[in-house]
Engineer: 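One structure is given below, represented as structure tokens, and several questions about it will come after.
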Amino acid sequence: MNKYDINSLNEEQKKALYATDGVVLVTAGAGSGKTRLLTHRICYLLMEKHISPYNILAITFTNKATNEMKERVHEMCNLNVWISTFHSMCVRILRQEIDFLDGYDKNFTIISESDRDRIVKEICKELELEDDDVSKIEHHIDNIKNGGLDIEGYFLEIMKFGNDKMLKKYQSAVFKYEERLRKNNSLDFDDLLNKTLFLLQNYPEVLNRYANRFQYVLVDEFQDTNLVQYKLIKMLVSVHHNLFVVGDEDQCIYSWRGANFHNIFNLKKDFENVQVFKLEQNYRSSKNILNLANNVISNNRERMEKKLWTEKENGLPPVIYSAFDERDEALFIANEIGKLCDEGYSYSDFAVLMRINALSRSIEEGLLAYNIPYRIFGGQKFFERAEIKVLLSYISIFVNKKDDISLLKVINFPKRGIGDVAISNIKNEAEDSILDYLLSEKFKESKYYKKLENFVDTYKKLSEEISVLSLYDFTKKIIKAFRLDIEYAGKDEESINRLGNIDSFLSSVKEFEAENENATFSDYLAGVMLRSDQDEISDDGYVSVSTVHAVKGLEFKVVFVIGLEEGIFPLSRAMNMPSEMEEERRLMYVAITRAEEKIYLTHATKRYMYGKSNYETDSRFLKELGIVDIKHPNVETKKKEDDFFVNEKEVFDSGLKVGDIVSHSRFGKGIVKEISDDGIVGKIDFSGQVKELMLNMAKLEKLEEEDE
């Protein structure tokens, strides 16, 4: 159990803790105990300064961090304060205040990225624009919303430098997009921030309600704030001026979605007498790992000078593996995980981190070859699966009757004979909300009424029960009433998986209901939409295979950073752009500092990507780490250099040939079916299961005929 104990903090943390009044900036290096400081700071305000829990707000960037902080504060001082992500905080404010905005009510729906894509594509078709224009329009939407800008003003500014005729079409598309959302009582992710900021800036009674309430505001991961989030913070502290932010510009890796680590520097310009504290003691990683991190990040110029240190031992040296190709890389990783598990590690102790998702396929194949359980993060998420999206849409139309976006996903599922032409005609017949039209007496005169009569009757009947049934029971009713269980019935693997996913969905509703007293479907839908990759990562006995972005804030005993080649990590687009190269370097720093005990860095001589094999150049980061001189690579021999192990590529003679009988400690007895040209990889049949193993590492025992 966590205990409130100021003496558990180091001296620099204590100094920051005691500085309760005014604006405080804590620059906290990776693994420097910032969560411990934040939770103790909250408890110090509650227990020593006697501030009411009602008057404290803490903002984080992930649901995982939110839940961890809530649990710690409750355990330490048995009190609950408002701790949430930026987006969750804004949802909570908007549920109370959105009636100030024309066309919206508190039952608004949050649309997904895929919904946004579909809406923009529909608008492009209406305006006779090309498919290529979709991404350009979305780029303008992002710029406007991340900057908190006015649509007309934004386009007036950029029309000074571009094609007026085309930009006017784009402006029209953005206005149509906004009107489409308003008509559906829907918001996208950026709207959650922008609409909240608009309310605070334009309605004094709303600003006073929250700025007066929050005497103390704390913000985690401050380097990841964008301009709108920074403005929100300034509004919320405009009365009491007590702001405590923790950030690390070395870990700013989200500039592509508007994050601006310069907000750390802006803080000192925008507020008077900002107190600054620096946390450099690391509690996570060994000295060898921290040396790597310090070496690589010191090459960045836009940063505050700091150097991580630890009282831990040197630990194990990093392992650099020079693979022949991606298969060699994957099998090396699988083999190392297998060996370390034999030594006592658990699968959940491992993370395989990559810069881009495209590298995951070979890693999956390597882990499968060794029967190692794993999960991919950054791929298709549970709530993005087709059957789950259908179920979410059915729930949404009961919560928000204006949600035509969700209605059109289910109006012909299961099939009711309503095709694209019919949908277009029904849209034209409806004066406003399509669902309102379907429920009206007027719709009974439509030629489509008979096809949708059962749908309408079922909807009306269930609408009477939503207020009396639990979320779980109502969801079960939806599945039965709209025959979703029958639609997905079948004995093929896909049907079985889909029904299994629906069962898992029901479990998630039940868990949410149990954990959130008086929760509504609006709350549940918002929670689903605000989930992130990190929320899925747990210690349930599997290896995490993930992009670096998805594991920020997490830690693992053993980390593999793969694909360390120029053009992959760092990405090719960063080569001639110093600011982007610095962000790539920050990503490398984040990847390294996820490791507690052991780190592996792998790169390949040759890699198959985008339809062809290419010979690769080692990543510049390897040289910056202080391990390998990439100007003089030696791929012919093995060497040990400066206490760092380098395993270079060479032709290997395992002493085995096709047809040999072998024994493996895990898979038992097998027969060699195939050996690669370089002698490293062998395909071995273990009683009908063919495994690809690295013959230079798999510790196979060759059996003589009499041993059989």
Side-chain angles (χ1 to χ4, degrees), residues 29-30 61 142 221 223-226 247-264 285 289-308 318 320 322 326 329 351-360 363 377-378 533 545-554 559-595 599-604 607 609-610 614 616-631:
F61 265 83
D142 287 339
E221 305 287 7
Q223 76 282 346
D224 290 333
T225 53
N226 63 23
D248 179 11
E249 73 283 0
D250 291 337
Q251 295 187 73
C252 181
I253 58 175
Y254 298 111
S255 65
W256 48 276
R257 68 184 189 199
N260 184 3
F261 67 86
H262 290 101
N263 285 339
I264 287 178
S285 307
I289 291 169
L290 293 186
N291 286 339
L292 297 179
N294 286 326
N295 286 347
V296 74
I297 202 62
S298 66
N299 289 275
N300 274 6
R301 293 186 176 182
E302 288 197 284
R303 62 186 296 262
M304 292 183 178
E305 184 59 37
K306 57 182 174 295
K307 190 172 184 179
L308 296 178
I320 315 302
S322 300
E326 68 276 2
E329 178 183 58
V352 181
L353 305 183
M354 65 199 84
R355 177 63 182 88
I356 52 176
N357 278 323
L359 303 186
S360 66
I363 299 299
F377 299 96
D533 276 334
V545 180
S546 174
T547 60
V548 181
H549 283 103
V551 295
K552 184 168 172 291
L554 304 181
V559 168
F560 295 83
V561 185
I562 71 170
L564 287 170
E565 297 126 41
E566 290 288 286
I568 296 177
F569 201 173
L571 289 179
S572 56
R573 72 181 185 211
M575 297 305 175
N576 299 312
M577 298 186 67
S579 62
E580 290 207 15
M581 185 56 72
E582 292 213 350
E583 177 127 346
E584 293 293 304
R585 197 170 282 117
R586 292 194 292 269
L587 272 164
M588 187 66 194
Y589 173 83
V590 168
I592 292 167
T593 53
R594 299 312 94 202
I599 190 162
Y600 292 79
L601 305 164
T602 71
H603 56 111
R607 190 177 296 276
M609 282 188 71
Y610 309 122
N614 295 304
E616 303 291 341
T617 303
D618 295 346
S619 169
R620 69 189 65 194
F621 294 154
L622 289 171
K623 183 178 181 181
E624 291 179 2
L625 290 167
I627 301 172
V628 175
D629 183 355
I630 62 173
K631 290 181 180 177

Engineer: Listed by chain and number, what are the side chain to side chain donor-acceptor pair (under 3.5 Å) partners of R585, not counting sequence neighbours?
Structural biologist: N300, E624
Engineer: Of all the heavy-atom pairs spanning S285 and T593, show the shortest one and how long it is.
Structural biologist: OG-O, 4.1 Å
Engineer: Distance-only criterion, 3.5 Å: show the donor-acceptor pairs between side-chain atoms of residues 570-580 and protein atoms not counting sequence neighbours.
Structural biologist:
unit_1	atom_1	unit_2	atom_2	d
R573	NE	E580	OE1	3.4

Engineer: What closest approach, in Å, do I599 and L292 show between heavy atoms, and which atom pair accounts for it?
Structural biologist: CG2-CD1, 3.9 Å
Engineer: Looking at K623, R607, R620, which hits salt bridge (charged side-chain N to carboxylate O under 4.0 Å, His left out) with E566?
Structural biologist: R620
Engineer: Can you name the nearest heavy-atom pair linking A30 to D248, along with the distance?
Structural biologist: N-OD2, 3.7 Å
Engineer: State which residue, out of V559, V548, I289, fulfils the side chain to side chain contact (heavy atoms under 4.5 Å, CB included) condition with R594.
Structural biologist: V559
Engineer: Of all residues at least two apart in sequence or in a different chain, which pass the ring pair (Phe, Tyr, Trp, His ring centres under 6.0 Å) check with F261?
Structural biologist: none
Engineer: Let me confirm one number: the NE2-OG distance from H262 to S255, rounded to the nearest 0.5 Å.
Structural biologist: 10.5 Å
Engineer: Could you tell me which non-hydrogen atom of T225 sits nearest to which non-hydrogen atom of F61, and how far apart they are?
Structural biologist: N-CZ, 3.7 Å
Engineer: Could you walk me through whether H603 and S619 pass side-chain contact (heavy atoms from CB on, under 4.5 Å), step by step?
Structural biologist: CA-CA 8 Å; H603 56 111; S619 169; over 6 Å; no
Engineer: Please examine the side chains of L359 and F569, heavy atoms only from C-beta on, and report whether any two atoms are closer than 4.5 Å.
Structural biologist: no
Engineer: How long is the span from the CG atom in N294 to the CG atom in N299, to the nearest 0.5 Å?
Structural biologist: 11.5 Å
Engineer: So, applying salt bridge (charged side-chain N to carboxylate O under 4.0 Å, His left out) with D250, which one of K306, R301, R586 is it?
Structural biologist: K306
Engineer: Are L625 and I592 close enough, and set up right, to give a side-chain contact (heavy atoms from CB on, under 4.5 Å), and what steps lead you there?
Structural biologist: CA-CA 10 Å; L625 290 167; I592 292 167; 3.3 Å; yes
Engineer: Supply the atom-to-atom distance L353 CG to M588 CE, rounded to the nearest 0.5 angstrom.
Structural biologist: 9.5 Å
Engineer: For I264 versus M304, what's the shortest heavy-atom pair and its separation?
Structural biologist: CG2-CE, 3.5 Å
Engineer: Return the CD1 to CD1 distance between I356 and I568, rounded to the nearest 0.5 Å.
Structural biologist: 5.5 Å
Engineer: Please round to the nearest 0.5 Å and tell me the distance separating atom CG of D618 and atom CG of L601.
Structural biologist: 11.5 Å
Engineer: Which of parallel (below 30°), tilted (30 to 60°) and perpendicular (above 60°) describes Y254 and H549?
Structural biologist: tilted
Engineer: Going by heavy atoms in the side chains, are I562 and E326 under 4.5 Å from each other?
Structural biologist: no
Engineer: Whether R355 and E584 form a salt bridge (side-chain N of Lys/Arg under 4.0 Å from carboxylate O of Asp/Glu) is what I want to check.
Structural biologist: yes
Engineer: Please report the shortest heavy-atom distance between D224 and C252, naming the atom on each side.
Structural biologist: OD1-CA, 3.8 Å
Engineer: Decide whether Q251 and E249 meet the rule of one side-chain donor and one side-chain acceptor closer than 3.5 Å.
Structural biologist: no
Engineer: Say you draw a straight line from OG1 of T617 to CG of L564; how long is it, rounded to the nearest 0.5 Å?
Structural biologist: 13.0 Å
